Structure formats: C-alpha cells, structure tokens
2 protein chains.
Amino acid sequence: MFDMEPEALERFTWYMREISAMTIMFHTKIAEQMGVSATDEKCIDLIMRADGPVTAGRIAELSGLSTGAVTGVIDRLERAGFVRRVRDPHDRRKVLVEVTVGDVEKFGQLFEVARQSLIEVLSHFDEGELQVIERYLQVQIETFRKRVIDT
Amino acid sequence: MFDMEPEALERFTWYMREISAMTIMFHTKIAEQMGVSATDEKCIDLIMRADGPVTAGRIAELSGLSTGAVTGVIDRLERAGFVRRVRDPHDRRKVLVEVTVGDVEKFGQLFEVARQSLIEVLSHFDEGELQVIERYLQVQIETFRKRVIDT
DNA sequence: GTCGAACATCTTAGCCGCTAAGACAATTCC
DNA sequence: GGAATTGTCTTAGCGGCTAAGATGTTCGAC
C-alpha cells in the first residue's frame, strides 16, 4: 500500500515525538508565564479555540475534568482576570465563560515568540513548498483527529 | 524580510494551535491507557527519548518536578512494571532509571494507532514532497527549540 | 587515610486540586 | 402544576506536589 524506507519512517516518528514533547513543554511555559496551572491553561486554550462562548459543562466535557473541578478552574481564571462568567439569558442555569477582552496581552510574550518562530520557520520555504506543508498539516489534523482523538 | 499574506500566516497559526491541542489530548489518552497520571507519562516519555539510562535527578531537571516528586513518580512506574531502578555502579548515590524491556507492549495500542496514522498521513505525498515536509519538521524542531524551549 | 563539604536520593509535613456525590436552582415535559 | 431533568456549585476525602531536612555516598584538602 505504501512503501517507504523503514529508516525514513523512523526519522519521521522521531520528529513527531520530539515536536510532541516540545509542545508539552511549551504549554507548561505558557502556563507558568500566565501564573496559572497547566490544567487552567488547558481550559483557557479550549475556551479560546472554541467559536463563541462556552458553558462550564462544555469545558468539563472537553477537558475531561469533573464539573466540580471546572468550577475551581473558572474561579481561579476569573480571579486572575482572564475570563468572565456570564449568565446565559436564555437558560439561566448555564454559565457562559468568555475570555476577557483587554487581557490578551497577559498571554503576551511567549505567544509572540511562538508567532515569530513560526514566521521564521516558514521563511525557509518558497510558495510551492508552503503549499505542500499546508496540505501536510491539514492531512495530519484530519487523520489524527479521526483516528486518535475521536475514539 | 518575509512577505506572506496575513491570512496564510493566520491559517498556519491555527494549524499549529490545533495540532498542539491534539498533542495534549493524545498524551492524556496514552496516560489513561497506561493507567498512570499525565505527570508519570511525561516522565516515562523523557526516559524513553533520552539515549542511555537517566538518573532520578536528571528526570527532575527535565520534567521540572522536585526530587521528592520524582521519587514518587519512579515508585509508581516501577510498581506498574514500566521502569526499573538500577544503582549506578560508578556512583552509588545515583539511581539510574531504565525502561523495562518486555513491557513496551503495555504502551501498545495507541502508539500503534499513532504510527499507523503517521503512515497514512505520509502516504498522501510523493518522494519530493516528503523531502519538503522532512525539512519543514527539522527546521521547526530546531527553531522552536532555540527560540521557545531553551529560554 | 581522615574529615568536612558537596552531592543524589529519599522521607515527611502541609497544601492544593481532583473526583464523586449530593445540594440547589432553573427548565422541560407531561 | 408537579415530577423529572439539566447545569452548576459545594463538600469530604484522597493523592500528588513542594520545600525542607534526613540519609547515604563521593570528592578534595591536608
């Protein structure tokens, strides 16, 4: 079905593993810089990546935490000024969690460094190569979501 | 210095963020499947990615945990049969931690799924495209290690 | 060789976040 | 309107983490 030298596959496996570990470290550093726990940072990332406000319960589902734990997460993030609780006017049981607008700077430094690093990486490639890379990233997201995450 | 449409950069940023979140989820699932905590899985990943045996203290450095916490990590991983403590014959203060050989299967399923997924992803590309992708991964690792991790 | 300083790991006390179970409040269904 | 359901919060109990100190080992000066 797909013939690739075993050594090549092994190299790619190593790249994935290395990037994977760097990703974990990156999130650890972001959390440190924001002055919150890794769990809290994971949740705020969930909230930011969602489109539109998210309920507390949805955060529990997405993060795998209990609802009780999510209450604590939101308490801490709210106290630190990263998010805000808003009662859903259509269903007043629900608590919508919104990222507070002006405080995107608090994520600041390291996100900016990451953005600059991405630009630096991409600057090594011409138009046609970037198209290949973009397709690669799209296929990777699609494949891993289907086969690894949604199971 | 490097001109790229802002929308393209935004798309790539989104890809990175998405992959980043999937990576976190992946490690969470691996840990679950292994029946250990995320911290423990992070440590065993460190040990496996290192070449040669690693000391307890080195694990503390690399993971950012206190030495006391690492003692607990190794206790649990040893009890679960993933690693083994070996006294360094040259310096008997040190404790070398080795991954137990026959138990690689315990990581099993999900690693295998990930490996198969990687093969599936790569099968979408021809020889020349794979070279571009490989270069991209190398540059990414190098750049992010330099600018994000080692700071 | 001996002694003290430095080093590597382990132990312990105290703290904090997580889970599970149930309380409370709002909504939906009959 | 009343019962069942839903969404969040509260609480008790547990387990992992940090910081500090204990224990065992090595290194260096003499």
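All values reported here derive from a predicted model rather than from experimental measurement. In the text below, chain A, chain B and the rest are named by the order of the sequence lines, each starting its count at 1.
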### Query
Over how many whole Å does the gap from B/Arg93 atom CZ to D/dT25 atom P extend?
10 Å
### Query
Has A/Arg85 got a side-chain N or O lying under 4.0 Å from the OP1 or OP2 atom of D/dG7?
no
### Message
In this structure, how many angstroms lie between the P atom of D/dT18 and the CD atom of A/Glu32, rounded?
### Response
11 Å
### Message
Restricting to side-chain hydrogen bond (donor to acceptor under 3.5 Å, both in side chains), what partner residues turn up for B/Glu61, sequence neighbours left out?
### Response
B/Arg58
### Atom-pair distance (CZ on B/Arg87; C1' on D/dT23), nearest Å
11 Å
### Query
CD1 of B/Ile59 versus P of C/dA8: gap in Å, rounded?
14 Å
### Message
Test your reading of the model: is there a side-chain donor-acceptor pair from A/Arg87 to the backbone of A/Arg92, 3.5 Å cut-off?
### Response
yes
#### Entry: Backbone of A/Val121 reached by a side-chain donor or acceptor of B/Gln140 within 3.5 Å
no
### Task
Figure out the NE2/C1' separation between B/His90 and C/dC7, and round it to whole Å.
18 Å
### Query
Regarding B/Glu120 and B/Gln116, is there a side-chain donor-to-acceptor distance under 3.5 Å anywhere?
no
### Query
Do the side-chain N and O atoms of A/Tyr136 and B/Glu129 include a donor-acceptor pair separated by under 3.5 angstrom?
no
### Task
Looking at every strand, decide which applies to B/Arg58 at a 4.0 Å heavy-atom threshold: base, sugar-phosphate, or nothing.
nothing
### Message
Is the shortest side-chain heavy-atom distance between B/Met34 and B/Ile44 below 4.5 Å?
### Response
yes
### Task
Any chance you could list the contact pattern along nucleotides 14-20 of chain C? Use B for base contacts, S for sugar-phosphate-only contacts and - for none, protein heavy atoms under 4.0 Å, 5' to 3'.
---SSB-
### Message
Is it the case that the base of D/dT25 and the side chain of B/Arg92 share a donor-acceptor contact (distance under 3.5 Å, atom types as modelled)?
### Response
no
### Task
Taking the side chain as every heavy atom from C-beta outward, state whether A/Arg85 and A/Ile74 have any atom pair closer than 4.5 Å.
yes
### Query
Once you round it to whole Å, what is the distance between C1' of C/dT27 and NZ of A/Lys94?
10 Å
### Message
I'd like to check A/Thr39 versus A/Leu65 (side-chain heavy atoms, cut-off strictly below 4.5 Å). Are they in contact?
### Response
yes
### Message
I need the CG-P distance between A/Asp75 and D/dT10, as an integer number of Å.
### Response
7 Å
### Message
Can you confirm whether B/Glu10 is buried at CD, in the sense that more than 12 heavy atoms of other residues, nucleotides or ligands lie under 6.0 Å from that atom?
### Response
no
### Message
Distance check needed: C/dC7 C1' versus B/Asp91 CG, whole Å only.
### Response
8 Å
### Task
Just report the end-to-end axis angle for the helix from C/dG1-D/dC30 to C/dC30-D/dG1, five pairs per end, to 10 degrees.
20°
